[in-house]
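Here's the structure, in structure tokens; my notes come after.
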Amino acid sequence: MELTLPYIAASVFLLLVAFKFLSQKIHHSRPNIPPSPPSLPVIGHLHLLHRPLHRTFHNLSETLGPIFSLRFGSRLVVVISSSPGAEECFTKNDIVLANRPHGTIGKYLDYKYTTVVSSPYGDHWRNLRRLMSLEIFSTNRLNAFLSIRRDEIRHLLRQLHQKSSADFTKVEMKSKLYGLTFNIIVRMIAGKRYYGDDLEDSAEAAEFRELVSKAFEYGGSWNAADYVPVLGWIDYKGFEKNLAKFHKRLDLIFQGLIDERRRDESKNTMIDHLLSLQESQPEYYTDTIIKGLISVMILAGTDTSAATLEWAMSFLVNHPQVLQKARAEVDAHVGQDRLIDEHDLQELPYLQAIISETMRLCPPAPLLVPHMSSDDCTIGGYNIPRDTILMVNAWAIHRDPKVWDDPTSFKPERFESREVEAHKLMPFGFGRRACPGAGLAQRVVGLALGSLIQCFQWERVGEDPVDLTEGSGLTMPKVEPLETMCKARDIMKKVLSGGVNDA
């Protein structure tokens, strides 16, 4: 029989109707699944996804409720947008939800799901988590790298002073803050600077910056073939082929860092410490495991802290009374005879409140890293089947009027007099798979922001407030990079002359 165009069209239509019928039948065979909007055959609700996703999910939750479900092609996804729902996920159901969904990006960037971020819950993950908590991000280890954080912040202060020593000057902050956090992390890992002046190898630095920037792009993207498997058979748009080529380049540069540390005898970087563990347990601490740790520390520890600093500075110049109060606190406790140091941070509650309020309004991960259920469970009275992808909208929870008074306003004072429960404020996640690097991030952001407040005056470029529109990306960047007016305070003369000490 000749396959005419009308015959083919009718066949496709019947297949789509059958798929829709079967999907609904499967859905209804599992009673009490969270509510969902109408879906399309094959793709489910993928057509509803618009960036930024946290706002799309928030809009859906206003219609469907704080717990709802979506179909990403063949995968069931449940989105949590309430504090009680998040608490239930990461207390009662913490172990059941301790797995991660697997996808094409994790296959490459996470070294076949062997990193602490993407590995399945089990012995390997526990070993990595213990390593990061007790060795890499322990208090003693972070204290050992304090001089790096001090040094890089002084680099930034000098850079700003060059333009603002005499009068207010317009400065672009995004690139400077990213260079700060990037250099801190990479110096801790490998003892190298890849941003700024006096680089050991400018060509290597440029390549490294390019590859990490591309890795962020991949990390913020998604592959349709992970949800519509038929697209994987044809490698839709060559996504996996291009990702594999990119990862090969990134892997080579990570391997180069490891090999370079093997030849160096200084033994004072994180890679050196990991190589010493490799000597005692070579079968476990392989180069691949070390490269996975390097990848996680760079990708999770640079852009997040830089974005938080940029948002904090944006809020401060838009709220000069808050900036003035923060400066008065720093001046009263630290003065103008020495630079603020990390041990001062615990004595600066208002500065800490500013950081908490910034992370509430602009969390470094507005959607927490997805979880996946390893067994059937219940959340909010709904049945959650095994292998469901679970996403927590931290951004929505942080702005929930049931949890926060005047939730969209920037009010650091809300954090001055009360402790906040973890399921209400979760900038670093919640539960057993929360970010192990939270302590380092708090040190970097606190010391950098305190130094900028202590050493410079800040004003808006014009009369209009700084644009706070959010862009797309894992760390919710600003659409418009922050530009602000900056003028050095008198303490900068002492910094440049060496007349201040780190106390």
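Residue numbers run from 1 in the order of the sequence given.
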Item to complete: Using the side-chain contact (heavy atoms from CB on, under 4.5 Å) rule, take Leu440 and Ile185 through it: C-alpha gap first, then chi angles, then the decisive distance, then the call.
Response: CA-CA 10 Å; Leu440 173 61; Ile185 292 293; 3.7 Å; yes
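Proximity of His371 to Cys89: side-chain heavy atoms (C-beta onward) are nowhere separated by under 4.5 Å. The shortest distance between side-chain heavy atoms of Phe208 and Phe182 falls below 4.5 Å. For the pair Ser83/Ile397, a side-chain contact is recorded, criterion being any heavy-atom separation below 4.5 Å from C-beta on. Residues His423 and Thr91 have side chains not in contact (no heavy-atom distance under 4.5 Å, counting atoms from C-beta outward). You'll find the side chain of Asp151 stays beyond 4.5 Å of the side chain of Ile184, heavy atoms only. Looking at heavy atoms from C-beta onward, Leu142 lies in side-chain contact with Met188 at the 4.5 angstrom threshold. Side chains of Thr484 and Met173 form a contact here, defined as non-hydrogen atoms less than 4.5 Å apart. Taking the side chain as every heavy atom from C-beta outward, Arg263 and Asp259 approach each other to under 4.5 Å.
Partners of Phe428 under the ring-ring contact (aromatic ring centres under 6.0 Å, His included) rule, at least two apart in sequence or in another chain, do not exist in this structure. Qualifying salt bridge (Lys or Arg N to Asp or Glu O under 4.0 Å) partners for Asp406, counting only residues two or more places apart in sequence or in other chains: Lys411.
Across Arg51, Lys478, Arg55, a single residue satisfies salt bridge (Lys or Arg N to Asp or Glu O under 4.0 Å) together with Glu470, and that is Arg55. For the side chain to side chain contact (heavy atoms under 4.5 Å, CB included) criterion with Val317, the lone passing option out of Arg460, Glu459, Glu483 is Arg460.
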Under 3.5 Å, which donor-acceptor pairs do the side chains of residues 160-167 form with other protein atoms, sequence neighbours left out?
{"from": "Ser164", "atom 1": "OG", "to": "Leu160", "atom 2": "O", "distance (Å)": "2.9"}

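By the 30° and 60° cut-offs, the orientation of the rings of Phe315 relative to Phe410 is parallel. Between Trp395 and His54, the ring-plane angle classifies as tilted under the 30° and 60° cut-offs.
Under a 3.5 Å cut-off, the side chain of Arg489 and the backbone N or O of Gln454 do form a donor-acceptor pair. Between the side chain of Thr181 and the main chain of Thr302, a donor-acceptor pair closer than 3.5 Å is present.
A cation-pi arrangement is absent between Arg399 and Trp404 under the rule of less than 6.0 angstrom and at most 45 degrees off the ring axis. Because its NZ or CZ atom is not both nearer than 6.0 Å to the ring centre of Phe415 and within 45° of the ring axis, Arg360 does not count as a cation-pi partner of that residue.
Checked for salt-bridge contact, Lys325 and Glu416 meet the test: a charged N lies under 4.0 Å from a carboxylate O. Ionic pairing of Lys192 and Glu204 is present here: one or more N-O contacts between side-chain nitrogen and carboxylate oxygen are shorter than 4.0 angstrom. With salt bridges taken as basic N to acidic carboxylate O contacts below 4.0 Å, one links Arg150 and Asp341. Salt-bridge annotation for Asp344 and Arg338: present, with a side-chain N of the basic residue lying under 4.0 Å from a carboxylate O of the acidic one. Taking the charged nitrogens against the carboxylate oxygens, Arg193 and Glu152 do have a contact shorter than 4.0 Å, which makes a salt bridge.
Nearest heavy atom pair, residue Pro370 against residue Ile389, reads CB-CG2, 4.1 Å. A pairwise comparison of heavy atoms in Tyr113 and Pro120 identifies O-CD, 3.8 Å as the closest pair. Summarising the geometry of Ser295 relative to Leu109, their closest heavy-atom pair is OG-O, 3.6 Å, with the distance given to 0.1 Å. Across all their heavy atoms, Leu474 and Pro366 have their closest contact at O-CD, 3.3 Å. The heavy-atom pair separating Arg209 from Tyr194 by the smallest distance is NH1-O, 2.7 Å. When every heavy atom of Glu310 is checked against every heavy atom of Pro481, the shortest pair comes out as OE2-CA, 3.4 Å.
Note that CE of Met297 is 6.0 Å distant from CZ of Phe137, once rounded to the nearest 0.5 Å. With rounding to the nearest 0.5 angstrom, the CG atom of Leu293 is 5.0 Å from the CD1 atom of Ile136. Atom CZ of Phe246 sits about 8.5 Å away from atom CD of Glu210, to the nearest 0.5 Å.
The distance between the ring centers of Tyr284 and His124 falls below 6.0 angstrom. For Tyr108 and Tyr218, the ring centers are positioned 6.0 Å apart or more.
In summary, the side chains of Gln278 and Arg262 do present a donor paired with an acceptor at a separation below 3.5 Å, with no hydrogens or angles considered.
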